[in-house]
**Student:** 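Quick one: structure below, then a few questions.
Computed over heavy atoms, backbone and side chain alike; hydrogens, waters and symmetry mates excluded. All figures in this text were calculated on a predicted structure; none of them were measured in a lab. Counting starts at 1 for both ligands and their atoms, following the listed order. Residue numbers run from 1 in the order of the sequence given.
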Amino acid sequence: MAGLFIKLLCFVPLLFVSTSANSYNYLDTRNTYPNQPIATTNRNGAQTGPYNGQWELVSQNSGVSAMHVILLPKVNKVLMYDSSIWRISKLPLPPQKMPCHLVDPVKKIQDCWCHSVLFNIDNSELEALKLETDTWCSSGGLTIDGNLVSTGGYQGGANTVRYLDTCKNCDWREYPTALAEPRWYSTQVTLPDGGFIVVGGRDAFSYEYIPPEKQSNKKAIFLPFLRDTSDNLVGNFGKDKFFRIENNLYPFVHLVPDGNVFVFANNRSILLNPYTNKVIREYPILNGGSRNYPSSGMSVILPIKLSIERPDVIPFEVLVCGGAQWDSFFYAETKKAFMEALQDCGRLSLTTPNAVWEREFMPSPRIMGDMRILPTGDVVMINGAKSGTSAWNDAEDPNLVPVLYKPDAPAGKRFQELAAGTIPRMYHSSSVLLPDGKILVAGSNTNNGYIFNVKYPTDLRIEKFSPQYMDPALANLRQEIMVDSSDKLLGYGKKFSVKVRSKEPGLNKADDLKVTMYAPAFTTHGFSMNQRLIVLGVVNVVNNVWPGIHNIIALAPPSGKVAPPGYYLLFVSYKGVPSVGIWVQIK
Ligand SMILES: *[C@@H]1O[C@H](CO)[C@@H](O)[C@H](O)[C@H]1NC(C)=O
């Protein structure tokens, strides 16, 4: 079944382990464990002209390649993990706490390396976690209680469901037979009741509900759309009749406020009812190329704006940007010829009848980038390359320039380039929105293993990018949420209070005052599962309830369809400058 080249690409574990040991440029990890924060450097030097962002290097060693990342609620740590297939990382298992484990009893092969870590965003320290099943190219999401549910991966990990609670010293719990079909490069999406479906993956033209812990699914639900959007190049490829390109892996799946699920794969998209399992609608094709792995474009739901006056009207727009020509992967993989990535975006309103894709152009082409929704409602496009595709050594021209997208600006005035970084962040790079409004940037491993003596080495450096609103000149506009005197448990459709300490004599609703809720996203391979920002209706502002302290009364989202139950970062943004976010839970 598998195309020859794909087999070569993916089926290399045995061959690989020996070569990797030779080419592994060994650094004495004892010097870097536990990880010490290193001096902050401002690589932009002195600012000339308007402030357009800043980069700082916060760690030299993430321990593991940050292929999958998520900010865990309450503990404020970023969970990072890659794959166990290489049986190597830059962080040995701490021998007293976590002994080496046998991965092949016959050949007596041991694994003494850590494959998942918790990165402390305040002091850059690493904590080792023990992970056994292979999470390579897996998917994930958070439960109502803010714990991680991870699905799929490679080989023995493909049908696995794993749980990681945020409690102290808690470790992974892994169930290798929980899923009915292998989920390698699939997408997990949270449903209105806090449950999940996991959609697609290589050779899995189906989706399934994640079963309760310790139970296993017998059967998945066939979704012909996934079969029909999978690209092959027909021809004579050795004994195979086609070359597998796919272009529909890691489908972009978004929960829509009507309770249905939007699924975008390749250049097509549908609305799926996850309760009746019926495809309700197909949207127009987004032309211009392919958008999903390995033609990895990006997609977000634009901020969902709720209003007090019209609670029944919930606008919902999807943005899809970048990607590659449908056959780029063939040229990258077989000839190392790298075609230019796509530069266009499509924007579609799902709530407008007969809507069509509105097309716009980014300042530069991008593949394998990330889209981060900011607390203010703008979007940053960051990471990726300008040519080639996903997969090992299949891209060139790292795109170092983050781009701000302002969804509310008139067409033609929505994009703005921000300060360039210096570290290529291509295949297997990642990013996370942090509570202070900065973006953590990590990962990039275009290699089959941890390889350092090549043009694009496995990159373990972690940076933070400060978007334009971190301009020191705007510091006085930053509101400070008073955690102890604000509501942190929200009820659907209920009013709640946020108190801010402010340098402004009073806050005016009309002055771009926003209360927003950000769902911490699970990011891998350029897609952020369950990322959404909800802009809440502000009922009232009572200024100076105490001197310098203002009380904002906001209305929580109406239902789990708009905001699935769980933890969110709550921000107050004023005149385009966000506060530090606090954790709230809605259920
Ligand atoms: C959509 O993608 C398919 C598969 O790559 C391709 O054959 C088709 O021409 C594309 N359609 C448009 C309108 O771009």
**Student:** Is any NZ, NE, NH1 or NH2 atom of the basic residue among D408 and R414 found under 4.0 Å from an Asp or Glu carboxylate oxygen of the other?
**Tutor:**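 Not counted as a salt bridge, because no side-chain N and carboxylate O are separated by less than 4.0 Å.
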**Student:** Tell me every residue that passes side-chain contact (heavy atoms from CB on, under 4.5 Å) with A385, counting only those two or more places apart in sequence or in another chain.
**Tutor:**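 A385: side-chain contact (heavy atoms from CB on, under 4.5 Å) contacts with I367, M368, A395, M426.
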**Student:** Holding to side chain to side chain donor-acceptor pair (under 3.5 Å), I want the full list of residues that pass it with R532, two or more places apart in sequence or in another chain.
**Tutor:**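 Not a single residue meets the side chain to side chain donor-acceptor pair (under 3.5 Å) criterion with R532.
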**Student:** Show which side-chain atoms of residues 220-231 pair as donor or acceptor with protein atoms under 3.5 Å away, not counting sequence neighbours.
**Tutor:**
| from | atom 1 | to | atom 2 | distance (Å) |
| --- | --- | --- | --- | --- |
| T229 | OG1 | F225 | O | 2.8 |
| T229 | OG1 | L226 | O | 3.3 |
| T229 | OG1 | N248 | ND2 | 3.1 |
| D231 | OD1 | N266 | ND2 | 3.2 |
| D231 | OD2 | N247 | ND2 | 2.9 |
| D231 | OD2 | N266 | ND2 | 3.0 |

**Student:** I'd like a table of the close N/O pairs between ligand 1 and the protein (anything under 3.5 Å), one pair per line with both atom names and the distance.
**Tutor:**
| from | atom 1 | to | atom 2 | distance (Å) |
| --- | --- | --- | --- | --- |
| ligand 1 | 2 (O) | N267 | OD1 | 3.2 |
| ligand 1 | 2 (O) | N267 | ND2 | 2.3 |
| ligand 1 | 5 (O) | D231 | OD1 | 3.1 |
| ligand 1 | 5 (O) | D231 | OD2 | 2.9 |
| ligand 1 | 11 (N) | N267 | ND2 | 3.1 |

**Student:** Out of T523, I462, L434, which residue meets the side chain to side chain contact (heavy atoms under 4.5 Å, CB included) rule with V78?
**Tutor:**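 Testing V78 for a side chain to side chain contact (heavy atoms under 4.5 Å, CB included) against T523, I462, L434 leaves exactly one candidate, L434.
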**Student:** Checking S150 against H68: is there a side-chain donor and acceptor pair closer than 3.5 Å?
**Tutor:**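 There is no such pair between these side chains.
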